[in-house]
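Working notes, beginning with the structure itself.
Residue numbers start at 1 and run along the sequence shown.
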Amino acid sequence: MNLRLLTHHTAPLLLAAWMPLAAWANPSWLTADGRPLPAAHEAVRWLNEAAADGLEPADYGAQHLSDALAAAAARGLDAASAVALDQELTQAVERYLYELHGGRIDPARLNERYDHSRRPQPDLRAALQTALADGQIQQARDAAIPRVPMYPALRALLAQYRAMGAHPAWAQPLPALPGRKLTPGQPWEGLGVLAERLVALGDLPPQPTGEPPAASAPAQYPPALVEAVTAFQRRHGLEADGVLGATTLAALNVPPAARAEQIALQMERLRWTPVLQGPRMIAVNVPEYRLRAYEYAGGRITLRLSMAVIVGKALDTRTPLFDEDMQSIEFSPYWNIPPSIARSETVPRLRRDPGYLARQGMEFVSAAGVSTDATPEMLGAVLAGQARIRQRPGPLNALGDIKFVLPNNDNIYLHHTSAPTLFGRSRRDLSHGCVRVEEPVALAQFVLQDDPTWTVERIRAAMAQPKPVFVRLPHPVPVIITHITVVVQDGRPHFYGDLYGHDRKLASLLRQHSAKPYDAVRAGSAAGVIGPK
């Protein structure tokens, strides 16, 4: 059993499983004459089929344990060998259950900071013991399956894309485009293969005759293919214009096996993601540039809002990933320019153009009070941390006319913007880290719905005030900021770019997690040795 990379929230529970061989006086998986019970075969089947959940069967010694059970079934085992096999199988199954439920990697290693107290952690060791005693082994696995609503859809999608891996449409890459892009009506030698791929992906209906699309490849880029390419672009976060350019061509050339790996990575990420526990929750998915608001009632989760967002720049001002409670709203807010932005952008601009301060409705705030004089002394005070720059409420304010406050160490919040036209872009990593929301009135209604006095009219009036209006929410609303690059909507997969490189880093960590041979881990466990994380 490999404990090198246990997640911080499962390690204490799994370490309890490490007991000396003498503790296994009554084997749970074998008969008195050392032959495997049906539960043992069922458990090893789980390990061999772990790939269906994006896990690695080799991490649990699946083949080794299959061979060991087959040998035990053929000739039985003496008492000492039975105890040893029982211990090994128990450890492998417990590790599988905990990793199926809670993941293999500590999300903090990806700088994803989530409060796991929001997500109840079942005692899977006790569940396994109870299931064995009751003769209902499947109950233990049922307790470990992630309860995130999208997880079953991703599991089915993983199987679909793995089955697509040998599809002939990906036997050769699409040829180069005629020029920089392919527009409707243009000829291209790759149209037949393009049609094959789009049929396989579900964006283009198959031909009624059942003939492969390549058999009757169009000579020119026809409307039906334009529509299918547009659907593909929409599902991949691209400009949905039907024009086949370099970015769309690159997405079409991604093989199904690579998409399957991408899906498996999101299944891993969902295992650590906090789920809705209260009546409402807001989720921001960074690479999708989208916010969703959910309600939970009567055992059902209902989507109430979905809107575009702008997030931090991928290059240097990434939006951090965490969960926190939204506790208040500030209408007509001041924008207190963060010191880092003031030092790198605002102060240099004011040195070149002191009039910029007045044009942007900005002012200095220090112990001496408020000032609108962009003097060298005042700019020096800002750089020394003795003064700050803020932007007054109004149409130029970078926060727009509303700010949704959630306490966090990164000073990140949700807010509107003075440049709403930016929501029309397909790529929207444009902010200094905060999340700009497209429909602030609707979001304010959602979080203030416990107070019926906050009507749409009152919200809009508060947003138009010349001075800030602070409102504490009657009930805090959990907000989670995530980085999910595969989302299933209306039964269809949507793929997004690895904006901040989290998928790439997670894949690397998982390879390290599975690098140590199972036999070496097993030998170490028998000696009571637990390797470093």
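- Taking a cutoff of 4.0 Å between a charged side-chain nitrogen and a carboxylate oxygen, D410 and R113 qualify as a salt bridge.
- Side chain of E49 to main chain of W46: no donor-acceptor pair is present (N/O by atom type, distance under 3.5 Å, no hydrogens or angles).
- Looking at residues two or more places apart in sequence or on another chain, you find a side-chain contact (heavy atoms from CB on, under 4.5 Å) between V441 and Q445, V456, I459, R460, M463.
- Looking at heavy atoms from C-beta onward, N409 lies out of side-chain contact with F322 at the 4.5 angstrom threshold.
- Under the 4.5 Å side-chain criterion, counting only non-hydrogen atoms from C-beta, D429 is in contact with R427.
- Residues meeting the side-chain contact (heavy atoms from CB on, under 4.5 Å) test with T230, sequence neighbours left out: V226, Q233, R234, A240.
- Using modelled atom types, no side-chain atom of T248 and backbone atom of L244 make a donor-acceptor pair closer than 3.5 Å.
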Candidate pair D353 and R359, rule salt bridge (Lys or Arg N to Asp or Glu O under 4.0 Å), full reasoning: CA-CA 10 Å; D353 177 14; R359 292 197 305 274; 2.3 Å; yes
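- Neither side chain, N397 nor S418, offers a donor N or O lying under 3.5 Å from an acceptor on the other.
- At least one side-chain heavy atom of L194 sits less than 4.5 Å from a side-chain heavy atom of W188.
- A search for ring pair (Phe, Tyr, Trp, His ring centres under 6.0 Å) contacts involving Y500 returns H483, not counting sequence neighbours.
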Assess whether side-chain contact (heavy atoms from CB on, under 4.5 Å) is satisfied between R425 and L430, documenting all intermediate values. CA-CA 10 Å; R425 298 188 183 184; L430 305 167; 3.7 Å; yes
Please set out all donor-acceptor pairs under 3.5 angstrom arising from side-chain atoms of residues 468-478, sequence neighbours excluded.
from : atom 1 : to   : atom 2 : distance (Å)
R472 : NH2    : Q327 : OE1    : 3.4
H475 : ND1    : D450 : OD2    : 2.8

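- The shortest side-chain heavy-atom distance between I282 and R292 does not fall under the 4.5 Å cut-off.
- Environment of OH in Y296: sparse, with no more than 12 heavy atoms of neighbouring residues, nucleotides or ligands closer than 6.0 Å.
- Scored by the side-chain hydrogen bond (donor to acceptor under 3.5 Å, both in side chains) test, H415 finds no partners at all (sequence neighbours excluded).
- By the side-chain contact (heavy atoms from CB on, under 4.5 Å) test, H101 is found to be paired with Q121, P122, L124, A144, residues two or more places apart in sequence or in another chain being considered.
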Just distance, no hydrogens or angles: give the donor-acceptor pairs under 3.5 Å from side chains in residues 302-309, sequence neighbours left out.
from : atom 1 : to   : atom 2 : distance (Å)
R304 : NE     : E295 : OE1    : 2.8
R304 : NH2    : E295 : OE1    : 3.4
S306 : OG     : R290 : NH1    : 3.0

Using atom types as modelled, flag every donor-acceptor pair under 3.5 Å from a side chain in residues 145-159 to any protein atom, sequence neighbours excluded.
from : atom 1 : to   : atom 2 : distance (Å)
R147 : NH1    : D142 : O      : 3.4
R147 : NH1    : I145 : O      : 3.0
R147 : NH2    : D142 : O      : 2.6
Y151 : OH     : D53  : OD1    : 2.6
Y151 : OH     : R271 : NH2    : 2.8
R155 : NE     : D53  : OD1    : 3.0
R155 : NE     : D53  : OD2    : 3.1
R155 : NH2    : D53  : OD2    : 3.2

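- Between the CG atom in N408 and the CG atom in D325 there is a gap of 11.5 Å [rounded to 0.5 Å].
- Remark: side-chain polar atoms of Q262 are not paired, donor with acceptor, to backbone N or O of A258 under 3.5 angstrom.
- Summarising the geometry, atom CG belonging to L350 is positioned 7.0 Å from atom CE belonging to M362; distances are rounded to the nearest 0.5 Å.
- Note that NE2 of H236 and OH of Y496 are 9.5 Å apart. Values are rounded to the nearest 0.5 Å.
- The closest donor-acceptor contact from the side chain of E268 to the backbone of R104 lies under 3.5 Å.
- Between the side chain of E99 and the main chain of L55, no donor-acceptor pair closer than 3.5 Å is present.
- R269 places none of its side-chain heavy atoms less than 4.5 Å from the side chain of T485.
- Using a distance-only test at 3.5 Å, with no hydrogens or angles considered, a donor-acceptor pair links the side chain of T319 to the main chain of G433.
- Side-chain N or O atoms of D323 include none that pairs as donor or acceptor with a backbone N or O of V479 at under 3.5 Å.
- I310 has its side chain out of reach of V437: every pair of non-hydrogen atoms, C-beta onward, lies at least 4.5 Å apart.
- Taken from OH in Y96 to CG in L100, the straight-line distance is 4.5 Å, to the nearest 0.5 Å.
- Of the inter-residue distances, the one linking M281 atom CE with I480 atom CD1 reads 6.5 Å to the nearest 0.5 angstrom.
- Each of Q391, R390, R388 was evaluated against N336; a single residue qualifies, R388, per the side chain to side chain donor-acceptor pair (under 3.5 Å) test.
- With sequence neighbours left out, F331 forms a ring pair (Phe, Tyr, Trp, His ring centres under 6.0 Å) with W454.
- Formation of a donor-acceptor pair under 3.5 Å by the D498 side chain with backbone atoms of D503 is found in this model.
- Taking all atoms of both residues into account, the shortest heavy-atom contact from G497 to P287 is O-CB, 3.4 Å.
- Between L443 and L291 there is a side-chain heavy-atom pair separated by less than 4.5 Å.
- Note that the CZ atom of R436 and the CG atom of L399 stand 9.5 Å from one another [nearest 0.5 Å].
- More than 12 non-hydrogen atoms from other residues, nucleotides or ligands lie less than 6.0 angstrom from CZ of R458.
- Under the salt bridge (Lys or Arg N to Asp or Glu O under 4.0 Å) criterion, the residue pairs touching residues 487-497 are D203-R492, with sequence neighbours excluded.
- Residue pairs meeting the salt bridge (Lys or Arg N to Asp or Glu O under 4.0 Å) criterion with at least one partner in residues 249-264, sequence neighbours excluded, are absent.
- Not counting sequence neighbours, the partners of H167 by the ring pair (Phe, Tyr, Trp, His ring centres under 6.0 Å) test are W170.
- A side-chain donor from one of R197 and N253 sits under 3.5 Å from a side-chain acceptor of the other.
- In this structure, N285 and I481 have side chains that are not in contact, with every pair of non-hydrogen atoms separated by 4.5 Å or more.
- For the pair R349 (side chain) and E345 (backbone), a donor-acceptor distance under 3.5 Å is absent.
- No donor-acceptor pair closer than 3.5 Å links the side chain of T183 to the backbone N or O of V243.
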